[in-house]
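Convention: sequence-line order gives letters A, B, ...; per-chain numbering from 1. Just so it is clear, the model here is predicted, and its values are computed rather than measured. As a basis for the values below, the full set of heavy atoms in this structure was taken, side chains included, without hydrogen atoms, waters or symmetry mates.
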2 protein chains.
Amino acid sequence: MAERKSAERKSSDERRDEIVRATLRLVAAKGFAGVTLREVATEVGVVHGLIRHYFTSRDELVAAAFDFAVTSELASDRALLDGLDPVAALAGWLAATPEDHYRVWIDAWSEAPRTPPLAAALDRHHRDCERILTSVIERVVDAGLGASADPAADSRLLTAVADGVAVQHHAVGVIDVDEANAIVFAVAERQLALEPGSLARANPVPARGQWAEGAAR
Amino acid sequence: MAERKSAERKSSDERRDEIVRATLRLVAAKGFAGVTLREVATEVGVVHGLIRHYFTSRDELVAAAFDFAVTSELASDRALLDGLDPVAALAGWLAATPEDHYRVWIDAWSEAPRTPPLAAALDRHHRDCERILTSVIERVVDAGLGASADPAADSRLLTAVADGVAVQHHAVGVIDVDEANAIVFAVAERQLALEPGSLARANPVPARGQWAEGAAR
DNA sequence: TCTCTTGTTATCCAACTGGACAACAACGCT
DNA sequence: AGCGTTGTTGTCCAGTTGGATAACAAGAGA
């Protein structure tokens with residue numbers, strides 16, 4: 001009569017994906033250092049021993065979570081940007097990112113110096129971001145809508161501004177989303193010789209991908 | 001014959017200070033979430049029970065450590081800046097900060113959303129930093145060496161750039177200290193209508209206060 | 001149907017955590 | 001000298017952690 005209550009049996013890939021997403025949700029809520037295997041297991045609805053069936057160590061799990069976060073984020077961003085005209089794409093890329101996304105980035109900055117695999121992933125994805133922005137800048141220049149003597153350098157500069165503003169907005173909380181966008185747009189317009197106000201006008205509705213459906217407690 | 005080996009008996013203030021500094025060193029090395037009372041005690045050379053004699057909880061300890069870090073850092077910065085001419089002060093403030101210092105800031109950004117007292121301290125100190133930079137900008141303007149329509153807004157902007165560049169330098173590691181300074185200086189010179197290169201020339205030797213003598217393991 | 005693989009559970013473990021407490025020792029005060 | 005205060009130690013505790021492992025269960029392929 002003591003019926004064994006098992007979680008639904010799933011394929012390896014499905015379960016693995018489920019675990020990674022749950023980990024990511026918890027990382028966004030509690031930071032890389034704050035997630036425990038037991039919490040992840042509870043979130044998924046399985047026993048904590050099962051996690052080890054998919055990831056040989058905790059570090060491997062959180063590294064996979066960060067990798068998944070950025071990979072899926074950048075994939076959906078690329079798809080979104082491709083469908084926009086150059087200036088709108090620039091505005092869309094520079095506009096403030098959802099809270100959850102940036103929390104993960106900020107946590108990664110904090111943990112990377114202590115976690116080599118995370119540092120490697122961070123380095124790689126940061127360069128990806130700079131490259132994407134560089135190509136967007138090149139599209140703007142090629143369309144004759146702006147100027148840039150060194151798109152890669154301008155990309156690096158604007159990435160720094162966007163990150164710094166995101167810190168003020170998401171972590172410190174001294175500015176709201178409109179102020180954040182205003183600052184980044186102003187710097188970008190001046191740096192790339194765009195018409196003042198053009199980025200704010202072109203800014204598309206923020207519809208970036210969500211990996212964090214359902215709030216982690 | 002079993003001689004009791006005690007740590008040197010110290011005054012309350014002395015010991016408290018010693019504990020806070022040790023905590024800060026460990027926070028810089030392992031993050032706010034990574035420090036344990038036992039490690040702090042070992043670092044100081046006492047038993048972990050003694051920590052509780054000075055701080056009623058772990059949270060109170062790390063909050064005190066962050067507060068001490070920023071308070072002493074800003075105090076020594078203020079003293080340094082006051083002795084410099086306006087442009088040199090601006091360059092000194094914007095120039096890259098020692099690794100340990102920024103590690104603590106980045107960790108605070110990461111932890112603040114989860115730790116209310118840390119969030120309060122972060123908000124306060126962030127505003128302090130913006131205020132200091134604002135007054136430096138005003139000194140530059142008053143001396144007729146540069147222009148700023150809104151010193152507070154420019155301070156906010158340059159703070160964002162400095163933070164974003166610091167992330168790229170200290171956390172991600174994609175740029176070195178010279179590149180970091182070059183980016184921040186270039187933005188500041190353009191934003192404040194300074195002569196290009198003037199900040200690099202005026203940049204004083206980095207001699208900011210050190211609270212982290214002796215490396216934490 | 002039998003077997004082999006693999007997703008899953010239930011425990012166990014050694015290590016470590018923050019906190020509590022009683023005993024001790026050094027010092028200041030009277 | 002006696003005494004109270006307090007800096008300091010050693011030890012205990014209940015809880016949590018990441019990891020290991022054996023048993024179980026649900027399929028797949030022969």
Side-chain angles (χ1 to χ4, degrees), chain A residues 1-23 26-27 29-66 111 114-118 216-217, chain B residues 1-23 26-27 29-65 111 114-115 117-118 216-217:
Chain A
M1 65 179 87
E3 185 179 344
R4 196 185 187 97
K5 190 165 57 177
S6 286
E8 187 186 358
R9 188 187 177 92
K10 303 206 172 180
S11 78
S12 180
D13 287 348
E14 251 180 314
R15 184 64 87 192
R16 191 186 171 93
D17 198 62
E18 212 176 7
I19 293 173
V20 170
R21 286 174 192 270
T23 304
L26 289 169
V27 166
K30 328 180 71 162
F32 282 99
V35 295
T36 70
L37 298 186
R38 280 171 171 84
E39 279 172 333
V40 172
T42 302
E43 179 91 4
V44 176
V46 296
V47 170
H48 89 278
L50 186 60
I51 309 282
R52 225 187 87 80
H53 189 72
Y54 293 90
F55 299 90
T56 56
S57 77
R58 201 197 86 105
D59 281 355
E60 194 182 312
L61 172 63
V62 297
F66 177 69
E111 289 293 323
R114 298 181 281 272
T115 311
L118 199 58
R217 97 207 78 157
Chain B
M1 64 179 85
E3 184 179 345
R4 196 183 187 97
K5 188 167 57 178
S6 288
E8 187 187 358
R9 188 187 176 92
K10 302 207 173 178
S11 79
S12 180
D13 286 350
E14 249 181 316
R15 182 65 87 192
R16 192 185 170 92
D17 198 63
E18 211 176 8
I19 293 173
V20 169
R21 288 174 190 269
T23 305
L26 288 169
V27 166
K30 327 181 75 161
F32 283 99
V35 295
T36 71
L37 299 185
R38 279 172 172 85
E39 279 172 332
V40 172
T42 304
E43 179 89 4
V44 176
V46 295
V47 170
H48 88 278
L50 185 60
I51 309 283
R52 227 187 86 81
H53 189 71
Y54 292 90
F55 300 90
T56 57
S57 75
R58 199 198 87 108
D59 282 353
E60 194 181 312
L61 173 62
V62 296
E111 290 292 324
R114 298 181 283 271
T115 311
L118 199 58
R217 98 206 78 162

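Residue A:Leu61 contributes atom CG, which lies 12 Å from atom C1' of D:dG18 at whole-angstrom precision. The interatomic distance linking B:Arg16 (CZ) with D:dG7 (C1') rounds to 14 Å, in whole Å. Between A:Asp13 atom CG and C:dT6 atom C1' there is a gap of 13 Å when expressed in whole angstrom units. Rounded to whole Å, atom P of C:dG7 lies 15 Å from atom CG of A:Asp17. Following rounding to the nearest Å, B:Lys30 (NZ) and C:dC16 (C1') show an atom-to-atom distance of 12 Å. Look at CD1 on B:Ile19: it is 14 Å from C1' on D:dT9, rounded to the nearest Å. Here the C1' atom of nucleotide C:dA10 and the CD1 atom of A:Ile51 are 15 Å apart, to the nearest Å. Atom P of nucleotide C:dG18 and atom CG of B:Leu37 are separated by 4 Å, given to the nearest angstrom.
Among the atoms of the strands shown, none is found under 4.0 Å from any heavy atom of B:Phe55. Within 4.0 Å (heavy atoms only), B:Val35 reaches sugar-phosphate atoms of the nucleic acid but no base atom.
Put simply, the side chain of B:Arg58 and the base of C:dG19 share no donor and acceptor less than 3.5 Å apart.
Heavy-atom nearest nucleotides on DNA chain C were determined for A:Leu50 and for B:Ser57, and the one closer to the 5' end corresponds to A:Leu50. Comparing A:His48 and B:Thr36, the nucleotide of DNA chain C nearest to each residue sits closer to the 5' end for A:His48.
B:Arg21 contributes no side-chain N or O that, together with a main-chain N or O of B:Val44, makes up a donor-acceptor pair within less than 3.5 Å. Looking only at distances, no side-chain donor or acceptor of B:Arg16 sits under 3.5 Å from a matching main-chain atom of B:Phe55.
Here B:Tyr54 does not reach the OP1 or OP2 of D:dT6: none of its side-chain N or O atoms lies under 4.0 Å away. OP1 or OP2 of D:dG7 lies within a sub-4.0 Å distance of a side-chain N or O belonging to B:His53.
When the nucleotides C:dT9, D:dG19, D:dT9 are ranked by their closest atom to the side chain of A:Val47, C:dT9 comes out on top. Closest to the side chain of A:Arg15, from the set D:dG19, C:dT8, C:dG19, is C:dT8. For A:Arg38, the side-chain atoms get nearest to C:dC13 when compared with the rest of C:dC13, C:dG18, D:dT21.
With A:Val40 as reference, A:Ile51 is the one residue of A:Val46, A:Ile51, A:Val27 to meet the side chain to side chain contact (heavy atoms under 4.5 Å, CB included) rule.
Counting only heavy atoms from C-beta outward, the side chains of B:Leu50 and B:Arg15 approach each other to under 4.5 Å.
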TODO: Evaluate the side chain to side chain contact (heavy atoms under 4.5 Å, CB included) criterion for residues A:Leu118 and A:Val62: first the C-alpha distance (whole Å), next the side-chain angles of each, then the deciding distance (0.1 Å), finally the verdict.
DONE: CA-CA 8 Å; A:Leu118 199 58; A:Val62 297; 5.8 Å; no

